[in-house]
**Q** 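Here's a structure for you.
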There are 2 protein chains.
Amino acid sequence: MHGLVRFLIRNKIAILYGISLALLLFLLKWLELRFLIVNHAIEIYVGAIALLFTGLGIWLAQKLTRPKVETVVVEKAVYQPTPPVFSLNEEALDKTGLSKRELEVLQLIAEGLSNQEIAARLFVSLNTVKTHSSNVLEKLDVKRRTQAVEKARRLRLIP
Amino acid sequence: MHGLVRFLIRNKIAILYGISLALLLFLLKWLELRFLIVNHAIEIYVGAIALLFTGLGIWLAQKLTRPKVETVVVEKAVYQPTPPVFSLNEEALDKTGLSKRELEVLQLIAEGLSNQEIAARLFVSLNTVKTHSSNVLEKLDVKRRTQAVEKARRLRLIP
DNA sequence: GGCTAAATCACCCGAAAGAATGAGCGCCAA
DNA sequence: TTGGCGCTCATTCTTTCGGGTGATTTAGCC
(Lines give C-alpha, C1' and ligand atoms only; values in the text may rest on other atoms or scores of the structure.)
Protein backbone atom coordinates (compact mmCIF):
# COMPACT_ATOMS: atom_id res chain seq x y z
CA MET A 1 0.00 0.00 0.00
CA HIS A 2 1.25 3.51 -0.67
CA GLY A 3 2.56 5.65 2.11
CA LEU A 4 -0.05 8.33 1.61
CA VAL A 5 -2.95 5.95 1.97
CA ARG A 6 -1.47 4.41 5.07
CA PHE A 7 -0.94 7.85 6.49
CA LEU A 8 -4.57 8.71 5.83
CA ILE A 9 -5.76 5.55 7.51
CA ARG A 10 -3.51 5.90 10.51
CA ASN A 11 -4.72 9.42 11.13
CA LYS A 12 -8.31 8.96 10.15
CA ILE A 13 -9.71 10.23 13.40
CA ALA A 14 -7.65 13.40 13.25
CA ILE A 15 -8.55 13.93 9.62
CA LEU A 16 -12.23 13.36 10.23
CA TYR A 17 -12.06 15.79 13.09
CA GLY A 18 -10.39 18.36 10.92
CA ILE A 19 -12.96 17.99 8.20
CA SER A 20 -15.79 18.17 10.71
CA LEU A 21 -14.31 21.32 12.14
CA ALA A 22 -14.00 22.91 8.74
CA LEU A 23 -17.57 22.00 7.89
CA LEU A 24 -18.83 23.34 11.17
CA LEU A 25 -17.00 26.60 10.72
CA PHE A 26 -18.46 26.91 7.26
CA LEU A 27 -21.93 26.17 8.57
CA LEU A 28 -21.54 28.65 11.36
CA LYS A 29 -20.34 31.31 8.96
CA TRP A 30 -23.34 30.70 6.79
CA LEU A 31 -25.74 30.78 9.69
CA GLU A 32 -24.13 33.95 10.88
CA LEU A 33 -24.83 35.60 7.59
CA ARG A 34 -28.40 34.38 7.52
CA PHE A 35 -29.75 34.61 11.00
CA LEU A 36 -27.63 35.08 14.01
CA ILE A 37 -25.74 38.25 13.65
CA VAL A 38 -28.37 40.76 14.29
CA ASN A 39 -27.13 43.54 16.46
CA HIS A 40 -25.39 42.52 19.64
CA ALA A 41 -26.11 38.84 19.19
CA ILE A 42 -22.44 37.96 19.00
CA GLU A 43 -22.34 36.87 22.59
CA ILE A 44 -24.91 34.20 21.88
CA TYR A 45 -23.01 33.18 18.82
CA VAL A 46 -19.74 32.85 20.67
CA GLY A 47 -21.41 31.04 23.52
CA ALA A 48 -22.96 28.55 21.13
CA ILE A 49 -19.63 27.89 19.49
CA ALA A 50 -17.98 27.50 22.85
CA LEU A 51 -20.54 24.98 24.00
CA LEU A 52 -20.46 23.13 20.72
CA PHE A 53 -16.72 22.77 20.69
CA THR A 54 -16.56 21.94 24.32
CA GLY A 55 -18.86 19.05 23.53
CA LEU A 56 -16.73 18.17 20.57
CA GLY A 57 -13.65 18.21 22.75
CA ILE A 58 -15.28 15.94 25.27
CA TRP A 59 -16.30 13.55 22.57
CA LEU A 60 -12.84 13.66 21.11
CA ALA A 61 -11.29 12.93 24.45
CA GLN A 62 -13.58 9.98 24.91
CA LYS A 63 -12.54 8.65 21.54
CA LEU A 64 -8.85 9.16 21.89
CA THR A 65 -8.03 8.40 25.46
CA ARG A 66 -7.65 4.98 26.83
CA PRO A 67 -10.24 4.16 29.43
CA LYS A 68 -9.18 4.83 32.95
CA VAL A 69 -9.52 1.65 34.81
CA GLU A 70 -9.81 1.31 38.50
CA THR A 71 -9.67 -2.23 39.66
CA VAL A 72 -11.64 -3.38 42.61
CA VAL A 73 -10.45 -6.69 43.86
CA VAL A 74 -13.11 -8.94 45.21
CA GLU A 75 -11.96 -12.13 46.75
CA LYS A 76 -14.09 -15.11 46.12
CA ALA A 77 -13.56 -18.44 47.70
CA VAL A 78 -13.50 -21.24 45.23
CA TYR A 79 -12.60 -24.68 46.16
CA GLN A 80 -9.99 -26.37 44.19
CA PRO A 81 -8.49 -29.79 44.67
CA THR A 82 -4.87 -28.90 44.16
CA PRO A 83 -3.08 -25.85 45.40
CA PRO A 84 -2.46 -24.21 42.05
CA VAL A 85 1.22 -23.48 42.37
CA PHE A 86 1.86 -22.78 38.76
CA SER A 87 5.41 -22.59 37.59
CA LEU A 88 6.02 -21.82 33.97
CA ASN A 89 7.87 -24.44 32.06
CA GLU A 90 10.71 -22.36 30.63
CA GLU A 91 12.19 -25.25 28.79
CA ALA A 92 9.05 -26.02 26.87
CA LEU A 93 8.56 -22.32 26.24
CA ASP A 94 11.97 -22.13 24.61
CA LYS A 95 11.23 -25.14 22.52
CA THR A 96 8.03 -23.65 21.12
CA GLY A 97 9.75 -20.37 20.36
CA LEU A 98 6.77 -18.36 21.53
CA SER A 99 7.44 -14.67 21.97
CA LYS A 100 6.32 -12.76 25.03
CA ARG A 101 3.41 -11.18 23.22
CA GLU A 102 2.32 -14.48 21.77
CA LEU A 103 2.32 -16.08 25.20
CA GLU A 104 0.25 -13.20 26.44
CA VAL A 105 -2.31 -13.75 23.70
CA LEU A 106 -2.30 -17.45 24.41
CA GLN A 107 -3.13 -16.82 28.03
CA LEU A 108 -6.04 -14.61 27.12
CA ILE A 109 -7.26 -17.20 24.65
CA ALA A 110 -7.16 -19.74 27.46
CA GLU A 111 -9.34 -17.43 29.52
CA GLY A 112 -11.95 -17.74 26.83
CA LEU A 113 -11.65 -14.27 25.34
CA SER A 114 -12.50 -13.64 21.71
CA ASN A 115 -9.92 -12.07 19.44
CA GLN A 116 -11.88 -8.86 19.57
CA GLU A 117 -11.81 -8.81 23.35
CA ILE A 118 -8.11 -9.59 23.41
CA ALA A 119 -7.50 -6.71 21.03
CA ALA A 120 -9.35 -4.36 23.35
CA ARG A 121 -7.50 -5.71 26.36
CA LEU A 122 -4.09 -5.23 24.79
CA PHE A 123 -4.93 -1.98 23.01
CA VAL A 124 -4.01 -3.35 19.61
CA SER A 125 -6.03 -3.99 16.48
CA LEU A 126 -8.02 -7.12 15.77
CA ASN A 127 -5.68 -7.89 12.88
CA THR A 128 -2.69 -7.87 15.16
CA VAL A 129 -4.33 -10.30 17.52
CA LYS A 130 -5.17 -12.54 14.62
CA THR A 131 -1.55 -12.49 13.52
CA HIS A 132 -0.37 -13.38 17.01
CA SER A 133 -2.93 -16.12 17.41
CA SER A 134 -2.00 -17.52 14.02
CA ASN A 135 1.62 -17.61 15.12
CA VAL A 136 0.64 -19.32 18.35
CA LEU A 137 -1.28 -21.98 16.47
CA GLU A 138 1.63 -22.52 14.13
CA LYS A 139 4.26 -22.66 16.85
CA LEU A 140 2.22 -25.06 18.93
CA ASP A 141 1.50 -27.02 15.79
CA VAL A 142 -2.25 -27.12 16.25
CA LYS A 143 -5.22 -26.10 14.18
CA ARG A 144 -7.67 -24.53 16.63
CA ARG A 145 -7.47 -22.30 19.65
CA THR A 146 -9.10 -24.90 21.86
CA GLN A 147 -6.35 -27.31 20.91
CA ALA A 148 -3.76 -24.65 21.60
CA VAL A 149 -5.16 -24.20 25.10
CA GLU A 150 -5.13 -27.92 25.73
CA LYS A 151 -1.58 -28.33 24.51
CA ALA A 152 -0.29 -25.27 26.32
CA ARG A 153 -1.77 -26.62 29.53
CA ARG A 154 -0.05 -29.94 29.02
CA LEU A 155 3.24 -28.19 28.37
CA ARG A 156 2.64 -26.09 31.49
CA LEU A 157 2.88 -22.88 29.54
CA ILE A 158 -0.31 -21.71 31.20
CA PRO A 159 -1.90 -22.64 34.54
CA MET B 1 -22.96 21.41 57.15
CA HIS B 2 -25.58 23.46 55.33
CA GLY B 3 -27.24 22.20 52.23
CA LEU B 4 -26.00 25.05 50.09
CA VAL B 5 -22.39 24.54 51.06
CA ARG B 6 -22.64 20.85 50.43
CA PHE B 7 -24.13 21.58 47.05
CA LEU B 8 -21.29 23.93 46.19
CA ILE B 9 -18.68 21.40 47.18
CA ARG B 10 -20.34 18.59 45.35
CA ASN B 11 -20.46 20.58 42.15
CA LYS B 12 -17.25 22.49 42.46
CA ILE B 13 -15.85 21.30 39.17
CA ALA B 14 -18.97 22.27 37.28
CA ILE B 15 -19.05 25.60 39.03
CA LEU B 16 -15.41 26.28 38.37
CA TYR B 17 -15.95 25.40 34.76
CA GLY B 18 -18.91 27.75 34.54
CA ILE B 19 -16.93 30.57 36.09
CA SER B 20 -13.97 29.90 33.84
CA LEU B 21 -16.23 29.95 30.85
CA ALA B 22 -17.80 33.22 31.88
CA LEU B 23 -14.39 34.76 32.44
CA LEU B 24 -13.14 33.53 29.13
CA LEU B 25 -16.14 34.89 27.34
CA PHE B 26 -15.63 38.19 29.03
CA LEU B 27 -11.97 38.18 28.12
CA LEU B 28 -12.73 37.30 24.55
CA LYS B 29 -15.33 40.01 24.33
CA TRP B 30 -12.84 42.51 25.63
CA LEU B 31 -10.15 41.34 23.25
CA GLU B 32 -12.63 41.51 20.45
CA LEU B 33 -13.31 45.12 21.18
CA ARG B 34 -9.65 45.95 21.50
CA PHE B 35 -7.82 44.02 18.85
CA LEU B 36 -9.31 41.24 16.95
CA ILE B 37 -12.39 42.39 15.20
CA VAL B 38 -10.99 44.38 12.47
CA ASN B 39 -12.81 43.77 9.26
CA HIS B 40 -13.22 40.15 8.19
CA ALA B 41 -11.18 38.78 11.05
CA ILE B 42 -14.14 36.97 12.53
CA GLU B 43 -13.11 33.66 11.02
CA ILE B 44 -9.88 33.73 12.95
CA TYR B 45 -11.76 34.71 16.04
CA VAL B 46 -14.23 31.86 15.68
CA GLY B 47 -11.48 29.40 14.88
CA ALA B 48 -9.55 30.42 17.94
CA ILE B 49 -12.58 30.01 20.12
CA ALA B 50 -13.31 26.64 18.60
CA LEU B 51 -9.80 25.39 19.26
CA LEU B 52 -9.74 26.83 22.72
CA PHE B 53 -12.98 25.24 23.75
CA THR B 54 -12.12 21.98 22.12
CA GLY B 55 -9.09 21.88 24.36
CA LEU B 56 -11.24 22.88 27.27
CA GLY B 57 -13.63 20.06 26.45
CA ILE B 58 -10.82 17.56 26.32
CA TRP B 59 -9.50 18.76 29.64
CA LEU B 60 -13.00 18.64 31.07
CA ALA B 61 -13.50 15.13 29.85
CA GLN B 62 -10.29 14.07 31.50
CA LYS B 63 -11.39 15.63 34.75
CA LEU B 64 -14.94 14.43 34.75
CA THR B 65 -14.83 10.92 33.47
CA ARG B 66 -14.85 8.67 36.41
CA PRO B 67 -12.57 5.73 36.07
CA LYS B 68 -14.29 2.63 34.93
CA VAL B 69 -14.60 0.36 37.88
CA GLU B 70 -13.48 -3.05 36.88
CA THR B 71 -14.32 -5.75 39.34
CA VAL B 72 -11.70 -8.39 39.46
CA VAL B 73 -12.85 -11.54 41.10
CA VAL B 74 -9.85 -13.15 42.60
CA GLU B 75 -10.51 -16.74 43.21
CA LYS B 76 -8.97 -17.63 46.46
CA ALA B 77 -8.23 -21.28 46.62
CA VAL B 78 -9.86 -22.90 49.55
CA TYR B 79 -7.66 -25.85 49.73
CA GLN B 80 -9.02 -29.29 49.77
CA PRO B 81 -6.61 -32.02 50.79
CA THR B 82 -8.08 -34.45 48.31
CA PRO B 83 -6.12 -36.47 45.80
CA PRO B 84 -4.88 -35.01 42.53
CA VAL B 85 -7.07 -37.41 40.65
CA PHE B 86 -10.08 -36.01 38.92
CA SER B 87 -13.45 -36.55 40.48
CA LEU B 88 -16.46 -35.16 38.73
CA ASN B 89 -18.36 -32.53 40.61
CA GLU B 90 -21.83 -34.07 40.57
CA GLU B 91 -23.37 -31.18 42.38
CA ALA B 92 -22.21 -28.63 39.84
CA LEU B 93 -23.23 -30.98 37.07
CA ASP B 94 -26.76 -31.10 38.42
CA LYS B 95 -26.87 -27.36 38.72
CA THR B 96 -25.92 -26.84 35.09
CA GLY B 97 -28.47 -29.41 33.92
CA LEU B 98 -26.10 -30.83 31.35
CA SER B 99 -27.21 -34.10 29.85
CA LYS B 100 -24.90 -37.06 29.46
CA ARG B 101 -24.42 -36.45 25.78
CA GLU B 102 -23.80 -32.77 26.27
CA LEU B 103 -21.11 -33.50 28.83
CA GLU B 104 -19.53 -35.89 26.37
CA VAL B 105 -19.45 -33.20 23.70
CA LEU B 106 -18.06 -30.75 26.21
CA GLN B 107 -15.20 -33.09 27.01
CA LEU B 108 -14.34 -33.47 23.36
CA ILE B 109 -14.50 -29.72 22.90
CA ALA B 110 -12.02 -29.40 25.75
CA GLU B 111 -9.71 -31.74 23.91
CA GLY B 112 -9.67 -29.23 21.10
CA LEU B 113 -11.73 -31.12 18.58
CA SER B 114 -13.78 -29.27 16.00
CA ASN B 115 -17.49 -29.94 15.72
CA GLN B 116 -16.79 -31.90 12.57
CA GLU B 117 -14.29 -34.12 14.35
CA ILE B 118 -16.62 -34.60 17.30
CA ALA B 119 -19.35 -35.65 14.90
CA ALA B 120 -17.06 -38.26 13.41
CA ARG B 121 -15.98 -39.46 16.83
CA LEU B 122 -19.54 -39.89 18.09
CA PHE B 123 -20.96 -41.19 14.81
CA VAL B 124 -23.56 -38.48 14.57
CA SER B 125 -24.10 -35.63 12.15
CA LEU B 126 -22.43 -32.26 12.33
CA ASN B 127 -25.79 -30.64 12.98
CA THR B 128 -26.35 -32.79 16.01
CA VAL B 129 -23.02 -31.81 17.46
CA LYS B 130 -23.84 -28.18 16.84
CA THR B 131 -27.10 -28.55 18.69
CA HIS B 132 -25.35 -30.19 21.62
CA SER B 133 -22.61 -27.61 21.73
CA SER B 134 -25.17 -24.84 21.55
CA ASN B 135 -26.93 -26.37 24.52
CA VAL B 136 -23.66 -26.64 26.39
CA LEU B 137 -22.88 -22.98 25.81
CA GLU B 138 -26.34 -21.99 26.92
CA LYS B 139 -26.36 -24.15 30.02
CA LEU B 140 -22.93 -22.96 31.07
CA ASP B 141 -24.00 -19.42 30.29
CA VAL B 142 -21.02 -18.60 28.11
CA LYS B 143 -20.54 -17.36 24.56
CA ARG B 144 -17.58 -19.28 23.22
CA ARG B 145 -16.31 -22.82 23.47
CA THR B 146 -13.02 -21.68 24.95
CA GLN B 147 -14.98 -20.01 27.72
CA ALA B 148 -17.02 -23.15 28.17
CA VAL B 149 -13.84 -25.16 28.63
CA GLU B 150 -12.45 -22.68 31.14
CA LYS B 151 -15.67 -22.63 33.14
CA ALA B 152 -16.16 -26.37 33.03
CA ARG B 153 -12.65 -26.83 34.35
CA ARG B 154 -13.34 -24.46 37.20
CA LEU B 155 -16.54 -26.30 38.01
CA ARG B 156 -14.63 -29.57 37.85
CA LEU B 157 -16.90 -30.94 35.18
CA ILE B 158 -13.84 -31.93 33.19
CA PRO B 159 -10.26 -32.71 34.27
C1' DG C 1 -52.00 -43.83 26.26
C1' DG C 2 -50.34 -39.28 26.86
C1' DC C 3 -46.50 -36.44 28.54
C1' DT C 4 -41.74 -35.14 28.78
C1' DA C 5 -36.89 -34.96 28.11
C1' DA C 6 -33.19 -36.36 25.45
C1' DA C 7 -31.16 -37.22 21.22
C1' DT C 8 -31.09 -36.76 16.51
C1' DC C 9 -30.99 -33.98 12.14
C1' DA C 10 -31.96 -29.96 8.96
C1' DC C 11 -31.63 -25.12 7.09
C1' DC C 12 -30.46 -20.29 7.29
C1' DC C 13 -27.57 -16.56 8.51
C1' DG C 14 -24.25 -13.68 10.67
C1' DA C 15 -20.11 -13.50 13.40
C1' DA C 16 -15.72 -15.21 14.55
C1' DA C 17 -11.70 -17.64 13.56
C1' DG C 18 -7.98 -18.87 10.69
C1' DA C 19 -4.70 -18.95 6.40
C1' DA C 20 -1.90 -16.44 3.30
C1' DT C 21 0.57 -12.54 2.11
C1' DG C 22 2.66 -8.04 2.26
C1' DA C 23 4.46 -4.25 4.69
C1' DG C 24 6.17 -0.57 7.98
C1' DC C 25 8.72 0.38 12.30
C1' DG C 26 11.87 0.01 16.26
C1' DC C 27 15.56 -2.44 18.43
C1' DC C 28 19.69 -4.86 18.80
C1' DA C 29 23.60 -7.47 17.68
C1' DA C 30 26.95 -8.76 14.26
C1' DT D 1 24.79 -0.11 8.73
C1' DT D 2 22.67 -3.96 7.72
C1' DG D 3 20.02 -7.87 8.70
C1' DG D 4 17.05 -10.35 11.69
C1' DC D 5 13.28 -10.35 14.91
C1' DG D 6 9.28 -8.84 17.26
C1' DC D 7 5.31 -6.15 17.01
C1' DT D 8 2.10 -3.89 14.52
C1' DC D 9 -1.60 -3.49 10.87
C1' DA D 10 -4.05 -4.42 6.44
C1' DT D 11 -6.59 -7.13 2.81
C1' DT D 12 -8.73 -11.15 0.96
C1' DC D 13 -10.72 -15.58 1.31
C1' DT D 14 -12.25 -19.91 3.43
C1' DT D 15 -13.72 -22.44 7.29
C1' DT D 16 -15.74 -22.89 11.61
C1' DC D 17 -18.83 -21.35 15.21
C1' DG D 18 -22.92 -20.11 17.13
C1' DG D 19 -27.94 -18.48 17.23
C1' DG D 20 -32.55 -19.38 15.89
C1' DT D 21 -36.11 -22.38 14.54
C1' DG D 22 -38.41 -26.52 13.65
C1' DA D 23 -38.96 -31.46 13.15
C1' DT D 24 -38.74 -36.54 14.24
C1' DT D 25 -37.78 -40.42 17.07
C1' DT D 26 -37.04 -42.85 21.27
C1' DA D 27 -37.16 -43.95 26.17
C1' DG D 28 -39.02 -43.33 30.60
C1' DC D 29 -42.79 -42.12 33.61
C1' DC D 30 -47.40 -41.12 35.64
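What you are looking at is a predicted structure, and each value in this text was computed from that prediction instead of being measured. Proteins get letters first, then strands, A, B, ... in listed order; numbering begins at 1 in each.
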**Q** Would you indicate which nucleotide in dC12(C), dA7(C), dT8(D) comes nearest to any side-chain atom of Arg101(A)?
**A**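 Per side-chain heavy atoms of Arg101(A), the pick is dT8(D).
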
**Q** At 4.0 Å (heavy atoms only), tell me whether Ser114(A) reaches a base, stays on the sugar-phosphate, or touches nothing.
**A** sugar-phosphate

**Q** Does Thr128(B) put a side-chain nitrogen or oxygen below 4.0 Å from OP1 or OP2 of dT8(C)?
**A** no

**Q** So does Ser125(B) get a side-chain nitrogen or oxygen closer than 4.0 Å to the phosphate oxygens (OP1/OP2) of dA10(C)?
**A**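 For dA10(C), OP1/OP2 do have a side-chain N/O of Ser125(B) under 4.0 Å.
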
**Q** Looking at Arg145(A), does any N or O in its side chain come under 4.0 Å of the phosphate oxygens OP1/OP2 on dA17(C)?
**A**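 Arg145(A) to dA17(C) OP1/OP2: side-chain N or O found under 4.0 Å.
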
**Q** At 4.0 Å (heavy atoms only), tell me whether Asn127(B) reaches a base, stays on the sugar-phosphate, or touches nothing.
**A** base

**Q** Side chain of Ser134(B): nearest nucleotide among dG18(D), dC7(D), dA10(C)?
**A**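 Nearest to the side chain of Ser134(B) among the choices is dG18(D).
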
**Q** Quick one: label Leu137(A) by what it contacts on the DNA or RNA (base, sugar-phosphate, nothing), any heavy atom closer than 4.0 Å.
**A** sugar-phosphate

**Q** Specify the separation, in whole Å, of atom CD1 of Ile118(B) and atom C1' of dT8(C).
**A**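 The distance from CD1 of Ile118(B) to C1' of dT8(C) comes to 16 Å, rounded to the nearest Å.
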
**Q** Closer than 4.0 Å, any side-chain N/O of Asn115(B) to the OP1 or OP2 of dT16(D)?
**A**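 No, because none of the side-chain N or O atoms of Asn115(B) sits under 4.0 Å from OP1 or OP2 of dT16(D).
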
**Q** Tell me, with the steps shown, if Arg153(B) and Glu150(B) meet salt bridge (charged side-chain N to carboxylate O under 4.0 Å, His left out).
**A** CA-CA 5 Å; Arg153(B) 211 177 298 275; Glu150(B) 199 271 338; over 6 Å; no

**Q** Counting only side-chain nitrogens and oxygens, does His132(A) get under 4.0 Å of the OP1 or OP2 atom of dT8(D)?
**A** yes

**Q** Considering non-hydrogen atoms only, spot the tightest contact between Arg101(A) and Leu122(A) and give its length.
**A** NH2-O, 3.5 Å

**Q** Can you check the Leu126(B) CG to dA7(C) C1' distance for me, whole Å?
**A** 16 Å

**Q** Please evaluate the base of dC17(D) for a donor-acceptor partner in the side chain of Ser133(B) within a cut-off of under 3.5 Å?
**A** no

**Q** Would you say a side-chain N or O of Arg144(A) is under 4.0 Å from OP1 or OP2 of dA17(C)?
**A**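 False: Arg144(A) side-chain N/O out of range (4.0 Å or more) of dA17(C) OP1/OP2.
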
**Q** Which heavy atom in Ala148(B) sits nearest to a heavy atom in Leu140(B), and how many Å separate them?
**A** O-CD1, 3.8 Å

**Q** Return no unless some side-chain N or O of Ser99(B) is found under 4.0 Å from OP1 or OP2 of dA6(C).
**A**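 No, outside the criterion.
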
**Q** In this structure, would Val142(A) and Val129(A) fall into the same cluster of hydrophobic residues linked by side-chain contacts under 4.5 Å?
**A**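 Same hydrophobic cluster.
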
**Q** How long is the span from the CG atom in Leu93(B) to the NZ atom in Lys100(B), to the nearest 0.5 Å?
**A** 11.5 Å

**Q** Mind calculating the distance between CD (Glu102(A)) and C1' (dT8(D)) to the nearest angstrom?
**A**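 Result: 12 Å.
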
**Q** Nearest heavy atom decides the nucleotide; on that basis, is Lys130(A) or Asn135(A) closer to the 5' end of DNA chain D?
**A** Asn135(A)

